[in-house]
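The structure under discussion appears below in the form of structure tokens.
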There are 2 protein chains.
Amino acid sequence: MADGPTINTIAERAGVSIASVSRVLNGLPTRQETERKVLKAAEELGYVRNAVARSLKSRRTDQVAFAMADVGNPAYLAMLRQIQPVLKAAGYRLVLHSTDAVAADEIDVLHSLGERYVDGLIMSPLRVTDAHLEMLAAARAPVVIIGSVPEGTPVDNVRADSRTGVRLAVDHLYALGRRRIAMVNGPLDTVPGAARGAAYREALEDLGLPYDDDLVQIGDFYRAEGARAVAELLARVPDVDALMCANDLIALGALDVLRAAGRRVPDDVAVVGMDDTDLAAASWPSLTSVSLGSAERGKVAAELLLDRLRGGDREPRVVTVAPRLAVRASTAGPAYEPADRKEGGA
Amino acid sequence: MADGPTINTIAERAGVSIASVSRVLNGLPTRQETERKVLKAAEELGYVRNAVARSLKSRRTDQVAFAMADVGNPAYLAMLRQIQPVLKAAGYRLVLHSTDAVAADEIDVLHSLGERYVDGLIMSPLRVTDAHLEMLAAARAPVVIIGSVPEGTPVDNVRADSRTGVRLAVDHLYALGRRRIAMVNGPLDTVPGAARGAAYREALEDLGLPYDDDLVQIGDFYRAEGARAVAELLARVPDVDALMCANDLIALGALDVLRAAGRRVPDDVAVVGMDDTDLAAASWPSLTSVSLGSAERGKVAAELLLDRLRGGDREPRVVTVAPRLAVRASTAGPAYEPADRKEGGA
DNA sequence: AGTTGGTCTGTAAACGTTTACGGTGTGCTG
DNA sequence: CAGCACACCGTAAACGTTTACAGACCAACT
């Protein structure tokens with residue numbers, strides 16, 4: 001691992017100045033003869049341009065960071081899957097941060113923008129505190145936030161619409177004739193928990209269905225917790241005929257419990273999940289799920305950032321991605337089993 | 001986004017030289033008074049050290065790259081999940097490459113090591129060509145390969161053991177009394193396909209079971225392809241009582257077809273997948289699957305790389321990670337349904 | 001008082017590029 | 001043949017750090 005050749009080494013060997021070498025390497029107009037000598041020397045030496053030195057001079061790194069709350073979470077992975085190719089196509093490298101859902105880590109990432117090791121940042125914070133807003137206002141590089149940020153914050157912003165998402169699901173269940181539609185939610189002090197709970201209530205009201213406290217069960221966003229919550233719910237309101245779950249994992253837990261209790265899905269109880277993760281198509285019965293467009297949000301975020309890196313000095317933009325209901329067997333019956341999707345391999 | 005303060009700005013404001021500023025900022029011994037002035041100025045200016053300039057001088061970037069074949073593939077994601085925290089804890093940033101399973105892209109990544117934008121690389125190539133070996137021999141930074149690499153290649157190497165993995169599964173099926181054990185494989189010209197096919201044959205021989213061409217069906221590593229393959233297989237050998245699938249997705253396809261054909265799992269036909277992805281625990285019945293230790297391979301690879309970055313100049317090391325059989329309901333029956341795993345949320 | 005030793009600080013070079021500027025040589029025109 | 005325009009090239013500065021080296025200062029010793 002001896003020291004590699006630099007532009008100086010080439011200059012010596014080719015008998016020209018470093019300026020000429022640089023010009024050739026950057027495709028600036030040069031006499032053929034010089035170009036030939038330089039390229040020959042570079043080739044022979046196995047020269048590769050030092051990205052760090054170039055960055056120092058050019059004040060750009062061709063790197064973009066993506067800070068996700070949790071490397072394990074399928075929703076963020078869906079974003080990552082879309083972000084990666086967009087950046088790659090534009091010639092940027094991707095630096096990945098996992099903030100482990102810790103606000104302090106998110107602030108750290110924003111702070112580290114000052115180190116200028118990336119040209120921009122896409123971040124999906126799980127909650128936006130005042131400290132976040134302060135750092136965002138002072139950010140030393142363009143930032144795109146996936147999630148909601150107050151009006152007036154000087155960053156581009158890509159939002160989901162969980163309210164409409166929940167409504168799609170509830171309307172769907174209503175259309176199928178269900179009238180005792182319960183909600184199995186995660187903690188209400190989380191952003192998604194609160195939003196989805198409120199949206200459920202609204203959707204019922206708009207349909208003219210009574211809101212019944214007994215039909216709401218709070219657990220957590222995990223499979224086992226979801227199962228526990230559904231078990232309680234079934235004991236309390238045996239006549240429930242549909243479950244709106246705040247999450248695919250909760251919904252999987254619901255399927256476990258319903259199966260154990262001998263309730264048929266969807267005949268006796270219909271089940272809807274949220275996030276439309278890979279798990280939804282894999283479960284059995286396959287799970288109807290509300291997609292909040294993680295994938296698309298990732299793609300849009302990457303495109304917004306690229307746009308800004310290309311110099312757009314326009315107003316901060318807000319894009320809201322429309323939710324979509326993926327109807328499968330857990331509400332619509334076996335005819336909706338997806339058997340023919342191509343999914344990633346080996 | 002005005003130009004940020006540099007060490008020079010601080011020096012001026014504090015009335016000292018840039019050398020003193022640097023010393024204070026790096027915790028080298030300094031007179032209290034100087035230290036105070038510098039820190040005060042830095043604080044007031046909101047100074048953040050420029051990572052690029054520092055890297056140029058120090059010849060290290062505190063970045064490590066991970067090149068995975070496919071951002072969508074759960075096996076690589078499992079590696080990523082382990083690699084990320086290990087690097088983060090050691091103070092390294094993670095640069096993520098997706099090579100889209102294209103050999104030329106992998107070569108590109110190896111080549112780009114010469115740009116010195118990272119201190120090291122973890123790579124999981126889907127196949128190792130001569131071009132790979134050449135680049136590896138000339139690599140300008142430490143590399144760890146996840147996958148197999150010939151003896152004598154000067155890089156650390158973390159291997160799976162799919163042969164033993166397949167044997168674990170086949171032995172398990174045999175112990176359950178199955179004697180017509182079929183294999184549903186992916187293309188034989190892929191590395192995993194070939195290895196798993198050969199291992200299946202070996203395992204049967206060692207158990208004294210006859211190898212029967214009719215019991216082998218080639219499809220592809222996707223769910224729909226798996227389903228198609230299993231349908232053909234069932235038509236040809238209706239008395240099959242166990243399916244060894246080369247992949248979890250194939251196995252999910254198998255479950256689809258068996259259900260449609262009215263065969264009970266595992267009573268009539270037992271099913272085993274490979275890779276032990278999240279999908280295995282989510283499906284119903286839950287899927288017995290051979291884990292080839294993707295997660296652990298990622299972890300070990302990260303640790304090996306860190307070790308080398310810390311200066312170890314030792315021989316290249318080879319670590320083989322032992323496979324593990326995750327027994328679930330698709331072979332062992334409902335008692336093995338996992339109902340209580342905590343999995344990632346929101 | 002002159003040396004010694006020690007602590008702290010400043011000057012300047014270096015890391016490997018890019019690029020503004022001015023100099024050289026060529027070929028042309030008058 | 002003098003003069004000019006032009007194409008090409010080299011010198012040197014700059015990007016923002018780290019660090020080797022030497023200078024300045026002070027206290028203490030002979």
Side-chain angles (χ1 to χ4, degrees), chain A residues 1-39 41-42 45-63 112-119 140-141, chain B residues 1-39 41-42 45-63 112-119 140-141:
Chain A
M1 246 156 279
D3 261 18
T6 74
I7 225 179
N8 275 290
T9 332
I10 298 183
E12 266 177 49
R13 177 182 267 248
V16 300
S17 75
I18 61 166
S20 288
V21 175
S22 176
R23 275 189 288 258
V24 171
L25 262 22
N26 289 306
L28 298 177
T30 320
R31 196 155 46 110
Q32 283 240 335
E33 166 69 4
T34 318
E35 181 171 333
R36 208 186 42 70
K37 282 191 295 187
V38 168
L39 290 180
L45 290 165
Y47 172 79
V48 183
R49 175 193 288 122
N50 182 311
V52 177
R54 173 200 263 265
S55 291
L56 179 58
K57 188 81 236 265
S58 66
R59 295 153 152 286
R60 53 202 310 274
T61 60
D62 297 317
Q63 295 192 150
S112 73
L113 280 184
E115 294 179 24
R116 310 210 136 277
Y117 66 98
V118 286
D119 299 338
R140 297 247 230 268
Chain B
M1 245 159 277
D3 260 21
T6 74
I7 223 180
N8 275 291
T9 331
I10 298 184
E12 262 176 53
R13 177 182 267 249
V16 301
S17 76
I18 60 166
S20 288
V21 176
S22 176
R23 275 188 290 257
V24 171
L25 262 24
N26 288 306
L28 297 177
T30 321
R31 196 154 48 108
Q32 282 239 338
E33 166 69 5
T34 316
E35 182 171 334
R36 208 187 40 72
K37 282 192 295 189
V38 169
L39 290 180
L45 290 165
Y47 171 79
V48 183
R49 175 194 286 120
N50 182 311
V52 177
R54 174 201 263 265
S55 289
L56 180 58
K57 189 82 237 265
S58 67
R59 297 154 151 284
R60 53 203 307 277
T61 59
D62 296 317
Q63 294 191 152
S112 73
L113 280 184
E115 294 180 24
R116 309 213 138 278
Y117 66 98
V118 285
D119 299 338
R140 297 246 230 267

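Naming convention: chains lettered A, B, ... in sequence-line order (proteins, then strands); numbering from 1 in each chain. Keep in mind it's a predicted model, so treat the numbers as computed, not measured.
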Which heavy atom in [X] sits nearest to a heavy atom in [Y], and how many Å separate them?
X: B:Pro5; Y: B:Leu45; answer: CG-O, 3.5 Å
X: B:Thr6; Y: B:Thr9; answer: N-OG1, 2.8 Å
X: A:Ala53; Y: B:Leu56; answer: CB-CD1, 3.8 Å

Output the rounded distance in Å from [atom1] ([X]) to [atom2] ([N]).
X: A:Glu12; N: C:dG16; atom1: CD; atom2: C1'; value: 14 Å
X: A:Ile10; N: C:dT18; atom1: CD1; atom2: P; value: 11 Å
X: B:Glu35; N: C:dC8; atom1: CD; atom2: P; value: 11 Å
X: A:Ile18; N: C:dA14; atom1: CD1; atom2: P; value: 13 Å
X: A:Tyr117; N: D:dT17; atom1: OH; atom2: P; value: 16 Å
X: A:Lys37; N: D:dC8; atom1: NZ; atom2: P; value: 14 Å
X: A:Arg60; N: C:dT17; atom1: CZ; atom2: P; value: 17 Å
X: B:Ile7; N: C:dA12; atom1: CD1; atom2: C1'; value: 14 Å

Extract from the structure each pairing of a protein N or O with an N or O of nucleotides 22-27 of chain C at less than 3.5 Å, listing the distance.
none

* Within the structure shown, what part of the strands sits under 4.0 Å from A:Val52 by heavy-atom distance: base, sugar-phosphate, or nothing? ->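 Nothing: the residue A:Val52, judged by heavy atoms under 4.0 Å, touches no strand.
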
* To do: Indicate, with a heavy-atom threshold strictly under 4.0 Å, whether B:Ser55 touches base, sugar-phosphate, or nothing.
  =>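 If one applies the 4.0 Å heavy-atom cut-off, B:Ser55 turns out to touch nothing in the nucleic acid.
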
* Tell me which residues in residues 20-28 of chain B put a heavy atom below 4.0 Å from DNA chain D, sorted by number, or none. => B:Ser22, B:Asn26

* Nearest of D:dT18, D:dG16, C:dG16 to any side-chain atom of A:Asn50? -> C:dG16

* To do: Taking only the side-chain heavy atoms of B:Arg31 (C-beta and beyond), determine which of C:dC8, D:dG16, C:dT17 contains the nearest atom.
  =>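 The nucleotide sitting nearest to the side chain is C:dC8.
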
* Asked: Hey, which of these two, B:Arg49 or A:Leu56, hits DNA chain D nearer its 5' end, going by closest nucleotide?
  ->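 It is A:Leu56, whose closest nucleotide lies nearer the 5' terminus.
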
Between [X] and [N], is there a contact of a side-chain N or O with OP1 or OP2 at under 4.0 Å?
X: B:Tyr47; N: D:dT17; answer: yes
X: A:Ser17; N: D:dG10; answer: yes
X: B:Arg116; N: C:dG16; answer: no

How many angstroms lie between atom [atom1] of [X] and atom [atom2] of [Y], to the nearest 0.5 angstrom?
X: A:Arg36; Y: A:Glu33; atom1: CZ; atom2: CD; answer: 4.5 Å
X: B:Tyr117; Y: A:Asn50; atom1: OH; atom2: CG; answer: 12.5 Å
X: B:Ile10; Y: B:Ser17; atom1: CD1; atom2: OG; answer: 12.0 Å

* Asked: How would you list all residue pairs meeting salt bridge (Lys or Arg N to Asp or Glu O under 4.0 Å) that involve residues 51-62 of chain B, not counting sequence neighbours?
  ->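 Residue pairs with at least one partner in residues 51-62 of chain B: A:Asp3-B:Arg59, B:Arg60-B:Asp62.
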
* Which pairs with one or both residues in residues 5-22 of chain B pass salt bridge (Lys or Arg N to Asp or Glu O under 4.0 Å), sequence neighbours excluded? -> B:Arg13-B:Glu44

* Taking only residues two or more places apart in sequence or in another chain, which ones pass side-chain contact (heavy atoms from CB on, under 4.5 Å) with A:Thr61? -> A:Ser55, A:Gln63, A:Asp119, B:Val52

Which pairs of donor and acceptor atoms, one on a side chain in residues 22-31 of chain B, lie under 3.5 Å apart (sequence neighbours left out)?
{"residue": "B:Ser22", "atom": "OG", "partner": "B:Asn26", "partner atom": "ND2", "Å": "3.3"}
{"residue": "B:Asn26", "atom": "OD1", "partner": "B:Arg49", "partner atom": "NH2", "Å": "3.2"}
{"residue": "B:Asn26", "atom": "ND2", "partner": "B:Ser22", "partner atom": "O", "Å": "2.9"}
{"residue": "B:Thr30", "atom": "OG1", "partner": "B:Leu28", "partner atom": "O", "Å": "2.7"}

* Asked: With no angle test and no hydrogens, is the base of D:dT17 tied to the side chain of B:Lys57 by a donor-acceptor pair under 3.5 Å?
  ->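 Between D:dT17 and B:Lys57, which were checked side chain against base, a qualifying N/O pair under 3.5 Å is absent.
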
